[in-house]
Amino acid sequence: MGGDSMKQAAREFLVALSGRDYPRLDALLHPDATYWVAGTPHLFSWAGRRDRAAFMAWAATPTIFVNGGAEVTFGAATAEDDRVALESTNLGVTADGRTYTNAYHHLFRFRDGRIVEVKEYLDTGLAAEFFQRPA
């Protein structure tokens, strides 16, 4: 799998994740995939490493954002060897009118043409405040 194909798959993954497109996520992820999020678990509940089954269970839950999920805007992308580094921004609005926006950096690793590892870096304080407090 070449660099351009890996970058495209990484972008498709983030769009599918935003909209909770479970079948597309399933197709893009390697059977041995893991998903890691920066942060301290007792301060941000999604921080840490999840295996594929735990990640896919979360991905099967409905999005809290209207219009099918947060809008993903892509920045720089770099591919080298089996890795893609990708910058993005998410912007989502909840049914009660709250707006979430955060900048992300994802590092993807590929094996056998599928994503085998994702590392997600974001402003965890902002995310914890938005997602873990009552609306």
Pairwise salt bridge (charged side-chain N to carboxylate O under 4.0 Å, His left out) hits with a residue in residues 33-47, at least two apart: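 The answer is none; no pair qualifies.
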Pairs involving residues 59-68, ordered by first then second residue, that meet salt bridge (charged side-chain N to carboxylate O under 4.0 Å, His left out) (sequence neighbours left out):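 Salt bridge (charged side-chain N to carboxylate O under 4.0 Å, His left out) check on residues 59-68 returns no pairs.
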Which residues satisfy the side-chain hydrogen bond (donor to acceptor under 3.5 Å, both in side chains) test with [X], sequence neighbours excluded?
| X | answer |
| --- | --- |
| Thr63 | none |
| Gln8 | Glu12 |
| Tyr100 | Asn102, Tyr104 |
| Arg52 | Asp26 |

Not counting sequence neighbours, which residues clear side-chain contact (heavy atoms from CB on, under 4.5 Å) with [X]? List them please.
| X | answer |
| --- | --- |
| Thr101 | Thr89, Leu91 |
| Arg50 | Trp46, Ala54 |
| Glu87 | Ala76, His105 |
| Asp82 | Arg109 |

Result block: side-chain N/O donor-acceptor pairs under 3.5 angstrom for residues 30-44, not counting sequence neighbours:
from, atom 1, to, atom 2, distance (Å)
His30, ND1, Asp32, N, 3.0
His30, NE2, Asp112, OD2, 3.3
Asp32, OD2, Arg111, NH1, 3.1
Thr34, OG1, Arg49, NH1, 3.4
Tyr35, OH, Glu120, OE1, 2.3

By salt bridge (Lys or Arg N to Asp or Glu O under 4.0 Å) - contacts of Lys7 (at least two apart):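 Salt bridge (Lys or Arg N to Asp or Glu O under 4.0 Å) list for Lys7, sorted by chain: Asp4.
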